[in-house]
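All remarks here apply to the structure that follows.
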Amino acid sequence: MNYKFWQKKKDATKKKKSKTREWVDAIVFAVVAATIIRVFFIEAYTIPSGSMERSLLIGDFLFVSKVNYGARIPMTPVAFPFAHHTMPLTTSTKAYWDGVQWKYHRLPGLSKIKRNDVVVFNFPEGDTVAVENQAESYYALERSLGRQQVRSTFTIIDRPVDKRENFIKRCIGIPGDVISMSNGIANVNGKNEPLKNTGMMPYRIEFKTMDFNYAALDEFNLNLGNSPAVATNTYIVDASPEIAEKLKTFDFVKSVNLSPDAPGPVQGGVFPNDPNRAWNRDNFGPIKIPSKGWTVNIDSNTMPLYYRAIRTYEGNKVEQKAGVWYINDKPATTYTFKMDYYWMMGDNRHNSADSRYWGFVPEDHIVGKALFVWMSWDSTASFLHKIRWSRLFMGIH
């Protein structure tokens with residue numbers, strides 16, 4: 001006796017999938033699998049600017065690990081696949097729906113962020129964007145033009161944390177560090193941290209004579225032709241410490257010296273934009289980087305440094321009445337931070353928008369750790385030399 005008499009009937013009513021259905025199923029599976037990999041494991045990024053030269057070059061394609069620091073659970077889960085914040089071929093059409101927002105959570109990682117790690121993170125000042133001028137920080141525009149003019153001139157949109165522009169910089173300071181900078185040299189916890197050989201700073205080069213073979217300088221890409229002389233036979237060019245030392249060995253070079261901005265004059269747009277602090281990009285601090293659980297005294301000296309972190313990043317109502325600070329409508333003389341923060345700077349120090357201009361990077365903005373360059377494309381080179389073969393699969397340090 002056949003105890004599976006129903007099997008034939010069931011099989012007979014089962015329809016074979018059409019080719020279209022098979023393709024749809026395959027595409028859906030591929031999109032879901034790729035999304036899981038991008039969100040929780042590894043994602044590809046492109047370097048669009050020279051802020052990290054010579055560590056990373058324009059046209060470098062790199063992989064960023066989400067596992068090292070722990071994958072961040074999507075905070076805006078409903079989004080168009082493979083698009084970040086804007087739909088392709090548009091400037092302002094959202095690629096996500098912000099009707100659903102999840103609180104910040106991160107899976108356990110392999111390690112904490114360490115000093116000198118190259119980190120990808122969401123732009124801290126990217127919460128508000130002027131659509132027609134997205135290359136500049138909205139808050140920088142507001143400081144230079146005034147809030148009313150910016151709001152009347154540009155289309156203003158808001159973005160959730162995980163949909164803000166992606167930046168890549170080097171972590172100079174971790175939670176609890178005290179950071180400062182003097183004459184272009186960073187100082188962390190009282191110890192000078194000179195720029196690595198992969199970084200760039202302005203150097204003042206004085207030549208004994210200009211009657212020499214300029215081809216001797218080709219390997220350094222100094223672009224003397226685009227750098228006007230600041231004195232007789234003297235130019236200021238961006239170079240690394242390694243290049244500076246090599247230049248000193250040439251018999252036609254008289255001297256090579258670091259040329260940072262002089263201390264004292266206030267430079268517009270430098271964090272924390274406090275008129276009582278005469279800081280610039282090469283001379284600032286000291287600043288203590290907030291750590292989770294650290295309690296800071298609230299007064300006129302500390303609030304310019306920590307106001308945005310307390311109000312915007314940690315979601316508190318902050319206001320001052322009759323000289324007294326109120327947090328969530330209660331008088332406050334101290335505040336205890338809920339998150340860790342970091343100080344990020346570009347290796348190309350005078351061509352980088354970084355923490356010197358917008359301050360701390362909160363932990364919920366951290367995307368991942370840069371691992372290696374898998375492709376490098378030089379758009380300015382000739383056809384046969386567009387691929388920088390020496391950079392392929394180069395580790396990022």
Side-chain angles (χ1 to χ4, degrees), residues 31-47 52 55-56 61-79 81-85 95-96 98 100-127 159-177 179 188 289-294 309 312-315 336-346 354-355 358-374 395-397:
V31 169
V32 171
T35 300
I36 291 173
I37 292 172
R38 290 176 68 241
V39 170
F40 295 103
F41 296 98
I42 197 167
E43 187 171 2
Y45 289 85
T46 308
I47 299 299
M52 284 294 291
S55 301
L56 296 171
F61 295 80
L62 49 101
F63 278 123
V64 174
S65 167
K66 307 294 184 69
V67 178
N68 284 64
Y69 306 140
R72 182 179 60 183
I73 303 300
M75 303 165 77
T76 312
V78 183
F82 310 118
H84 183 41
H85 51 62
Y96 58 89
D98 49 13
V100 177
Q101 290 286 293
W102 292 347
K103 291 184 178 180
Y104 164 66
H105 293 287
R106 188 179 294 276
L107 298 178
L110 300 178
S111 68
K112 297 283 188 179
I113 297 176
K114 301 181 181 67
R115 298 184 197 93
N116 290 317
D117 279 0
V118 177
V119 181
V120 173
F121 55 92
N122 297 117
F123 179 36
E125 286 194 347
D127 55 334
R159 286 176 179 160
V161 170
D162 57 341
K163 297 303 177 183
R164 296 169 191 174
E165 204 67 59
N166 289 317
F167 274 37
I168 183 168
K169 307 291 177 187
R170 190 177 298 278
C171 178
I172 302 298
I174 61 176
D177 282 350
I179 189 166
V188 181
I289 303 171
S291 58
K292 184 177 181 179
W294 177 57
T312 305
Y313 304 145
E314 306 219 340
T336 301
F337 286 92
K338 305 171 187 174
M339 288 193 293
D340 285 331
Y341 291 79
Y342 302 88
W343 190 269
M344 307 288 186
M345 288 171 60
D354 51 39
S355 285
W358 29 256
F360 313 113
V361 177
E363 67 173 74
D364 65 351
H365 284 54
I366 300 297
V367 174
K369 180 180 182 179
L371 293 182
F372 63 90
V373 176
W374 63 272
I396 299 172
H397 305 289

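Counting from 1, the numbers follow the sequence of the chain as shown. Just so it is clear, the structure is predicted and the values come from calculations on it, not from any experiment.
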R170 side-chain N/O to S55 backbone N/O, donor-acceptor pair under 3.5 Å: no
Does the side chain of Y45 reach to within under 4.5 Å of the side chain of I168, using non-hydrogen atoms? no
Nearest atoms (heavy-atom pairs only) where A44 meets W374: CB-NE1, 4.3 Å
When the aromatic ring centroids of H365 and Y313 are compared, is their separation below 6.0 Å? yes
Taking C-beta and beyond as the side chain, do F360 and F337 meet within less than 4.5 Å on heavy atoms? no
Below 4.5 Å, heavy atoms only, C-beta onward: do S355 and V361 meet side chain to side chain? yes
Which atoms form the tightest heavy-atom contact between A309 and Y341, and what is the distance? O-OH, 3.7 Å
How close do R38 and K66 get, counting heavy atoms only, and between which atoms? O-NZ, 2.5 Å
Are there more than 12 heavy atoms of other residues, nucleotides or ligands under 6.0 Å from atom CZ of F41? no
Looking at every non-hydrogen atom in both residues, tell me the closest pair between M52 and K169 and how far apart they are. SD-CA, 3.8 Å
Separation of F121 CZ from I366 CD1 (nearest 0.5 Å): 7.0 Å
Is R115 salt-bridged to D177, going by a charged N under 4.0 Å from an acidic O? yes
Take I42 and L371 through the side chain to side chain contact (heavy atoms under 4.5 Å, CB included) test and state the conclusion after the steps. CA-CA 10 Å; I42 197 167; L371 293 182; 4.2 Å; yes
Where K163 and H85 come nearest, the two heavy atoms and their spacing: O-CB, 3.1 Å
How long is the straight-line distance from CE of M345 back to CD1 of I179, given to the nearest 0.5 Å? 6.5 Å
Testing the basics here: between A370 and I396, what is the closest heavy-atom pair and its distance to 0.1 Å? CB-CD1, 3.7 Å
T46 meets the side chain to side chain contact (heavy atoms under 4.5 Å, CB included) criterion, sequence neighbours left out, with F61
Quick one: side chains of residues 67-79, donor-acceptor pairs under 3.5 Å with protein atoms, not counting sequence neighbours, listed by atom name and distance.
from	atom 1	to	atom 2	distance (Å)
N68	OD1	S65	OG	2.5
Y69	OH	D117	OD2	2.7
R72	NH1	N122	OD1	2.8
R72	NH1	D364	O	2.7
R72	NH2	N122	OD1	2.9
T76	OG1	Q101	NE2	3.0
T76	OG1	D162	OD1	2.8

Dump the intermediate steps for side chain to side chain contact (heavy atoms under 4.5 Å, CB included) on V119 and Y342, then the final yes or no. CA-CA 10 Å; V119 181; Y342 302 88; over 6 Å; no
Relative to the ring of F123, is the ring of F167 parallel (under 30°), tilted (30 to 60°) or perpendicular (over 60°)? parallel
Check for a donor-acceptor pair, side chain of D340 on one end and backbone N or O of P175 on the other, with a separation under 3.5 Å. no
Under 3.5 Å donor-acceptor, H84 side chain and R164 backbone: yes
